Amino acid sequence: PLFDADAKFDSGTGWPSWAFENHDAPRAVSRWCAPEHVAAFARMKMALLVALRGNVILYQGEELGLEQDAIPYELLQDPEAIANWPLTLSRDGVRTPLPWTAQDEYGGFSRTMPWLPLSEANMARAIDRQAQEPDSQLALTRDLIALRQAHPALRNGSVICHCDGAPLELVREAGGQRIRCRFNLGTGTLDLPALAGTVLTALNG
C-alpha cells in the first residue's frame, strides 16, 4: 500500500471532501478522456467517486454524464473568457442549464432562451429520458449512492490505496466489513484474477 488514509484522517487533522467537477473547470469527461470513451468513463468515474473516503460532492449534471459544451464567442458570459478569447477555455461550457426534458427547445429549463445554450449531445442526456432507462448514467448514480449508504465500509471506513500498477485498488473497511474496489483507468482491458466474496457491482464489462 502506498498510503493508509486511516492514519491521516483519524488523527484529528481533518476529513476530506471530493469533487471531480465544479463551475470553474471543464467537465471531467471532456478533459480526462477521449470522446469515444465518454460513456464508459463517466460510469467508472462515478463509481470511483463514491468509493473514496470522505464527503462526496456531485456538480450539477455530473449525475447525467454531461460533457463540456462549446459556447460561441457571441454568447459568452464569462468575463475571463471574453477578455482572453481565444487563449483560454470558457468556464461557461460547464455552466449551462440542467436539461430536464429532451423534447423541449430549452430542455425544460425555461420557456425562453436561457443565459447559455445547451448542446444537442447534452439535451439527449436529459433527466426525463434517463429516468426511463434502467442502464442510464442517472440510474447508475442513484444505485451507487444507495450502495454507499448501505455499506458502512464505503461511507466512513478506513482506506488503503494500491496504485503501483493496474488497476487502481481501494480497500475500505469498517465494523468487520471489507470492500475491495478496483478501477481500470486505462483504455484497454485487464485480465484480473477472481476474488473471494460477493460482487456488489461491476461496470463496463
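What you see below is based on every heavy atom in this structure, not just the backbone, and it leaves out hydrogens, waters and symmetry mates. Since the structure is predicted, the reported quantities are computational estimates derived from the model, not experimental observations.
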Are the side chain of Arg172 and the backbone N or O of Cys181 linked by a donor-acceptor pair below 3.5 Å? no
Do you know which two heavy atoms are closest between Ala28 and Phe20, and how far apart they sit? CB-O, 3.8 Å
Residue pair Gln132 / Asp128, side-chain donor-acceptor N/O under 3.5 Å: no
Could you grab the distance from atom CH2 of Trp32 to atom CG of Leu185, nearest 0.5 Å is fine? 10.0 Å
Here the pair of heavy atoms bringing Gln60 nearest to Val94 is NE2-O, 3.8 Å
In terms of ring plane angle, is the pair Tyr73 and Trp85 parallel, tilted or perpendicular, where the classes change at 30° and 60°? tilted
Roughly how far, to the nearest 0.5 Å, is OG1 of Thr96 from CG of Leu75? 12.5 Å
Is any side-chain heavy atom of Asn55 closer than 4.5 Å to a side-chain heavy atom of Pro16? no
Donor-acceptor contact present, side-chain Arg180 to main-chain Val171, <3.5 Å: no
Going by the side-chain contact (heavy atoms from CB on, under 4.5 Å) test, name the single residue among Gln177, Arg148, Gln149 that passes it with Leu154. Arg148
Going by heavy atoms in the side chains, are Ile82 and Pro79 under 4.5 Å from each other? no
Side-chain donor or acceptor of Asp92 paired with backbone N/O of Leu76 under 3.5 Å: no
Identify the heavy atoms of Met123 and Asp104 that sit nearest to each other, and give their distance. CE-O, 2.9 Å
Closest heavy-atom pair and its distance - Gly65, Ala42: CA-CB, 4.5 Å
Same cluster or not: are Leu48 and Trp18 linked, directly or through other Ile, Leu, Val, Met, Phe, Trp or Tyr residues, by side-chain heavy atoms under 4.5 angstrom apart? yes
When you group the ILVMFWY residues by side-chain heavy-atom contacts below 4.5 Å and let the links chain together, are Leu49 and Val29 in the same group? yes
What I want to find out is whether Arg125 reaches Glu67 closely enough, with some N-O distance under 4.0 Å, to be called a salt bridge. yes
Between Lys45 and Glu62, is there a salt bridge with N-O shorter than 4.0 Å? yes
Once rounded to the nearest 0.5 Å, what's the spacing between atom CZ of Arg27 and atom SG of Cys33? 13.5 Å
Cluster link Leu192 to Leu203, ILVMFWY, side chain under 4.5 Å: no
Can you spot which of Leu144, Val56, Asp143 makes a side-chain contact (heavy atoms from CB on, under 4.5 Å) with Met46? Leu144
Is it the case that the side chain of Glu173 and the backbone of Ile179 share a donor-acceptor pair, with hydrogens and angles ignored and the cut-off at 3.5 Å? no
Minimum heavy-atom distance between Gln77 and Leu116, given as atom pair plus value: CG-CD2, 3.8 Å
Ring centres of Trp100 and Tyr106 under 6.0 Å apart? no
Can you measure from CD (Glu80) to CZ (Arg91) and round to the nearest 0.5 angstrom? 5.5 Å
Distance-minimising heavy-atom pair for Ala51 and Phe183: CB-CZ, 3.8 Å
Is there a path of hydrophobic side-chain contacts, each under 4.5 Å between heavy atoms, that joins Met44 and Leu66? no
Can you confirm whether more than 12 heavy atoms, excluding those of Leu140, are under 6.0 Å from its CG atom? yes
Can you get from Leu138 to Ile57 by hopping between Ile, Leu, Val, Met, Phe, Trp and Tyr side chains that sit under 4.5 Å apart? no
To the nearest 0.5 Å, atom OG of Ser90 lies from atom CG of Asn84 at 11.0 Å
Quick one: are Leu52 and Leu170 in side-chain contact, heavy atoms under 4.5 Å? yes
Is it the case that the side chain of Asn204 and the backbone of Arg43 share a donor-acceptor pair, with hydrogens and angles ignored and the cut-off at 3.5 Å? no
Taking C-beta and beyond as the side chain, do Cys161 and Leu168 meet within less than 4.5 Å on heavy atoms? yes
Please check: side-chain N/O of Arg53 versus main-chain N/O of Gly157, any donor-acceptor pairing under 3.5 Å? yes
Under 3.5 Å, is there a donor-acceptor pair between the side chain of Asn184 and the main chain of Pro167? no
Under 3.5 Å, side chain of Glu21 to main-chain N/O of Tyr59, donor-acceptor pair present? no
Stepwise, does the side chain to side chain contact (heavy atoms under 4.5 Å, CB included) test hold for Leu147 with Val50? CA-CA 9 Å; Leu147 186 70; Val50 302; over 6 Å; no
Between Thr101 and Gln103, is there a donor-acceptor pair closer than 3.5 Å when you use the side chain of the first and the backbone of the second? no
Check whether more than 12 heavy atoms from other residues, nucleotides or ligands sit under 6.0 Å from atom CD of Glu120, and answer yes or no. no
Can you tell if the side chain of Ile145 reaches within under 4.5 Å of the side chain of Leu58, non-hydrogen atoms only? yes
With heavy-atom distances below 4.5 Å as the criterion, would you say the side chains of Gln130 and Leu64 are in contact? yes
Would you give the length of the straight line joining atom CD of Glu105 to atom CG of Leu118, rounded to the nearest 0.5 angstrom? 11.0 Å
Is there a donor-acceptor contact under 3.5 Å from the side chain of Asp69 to the main chain of Ile71? no
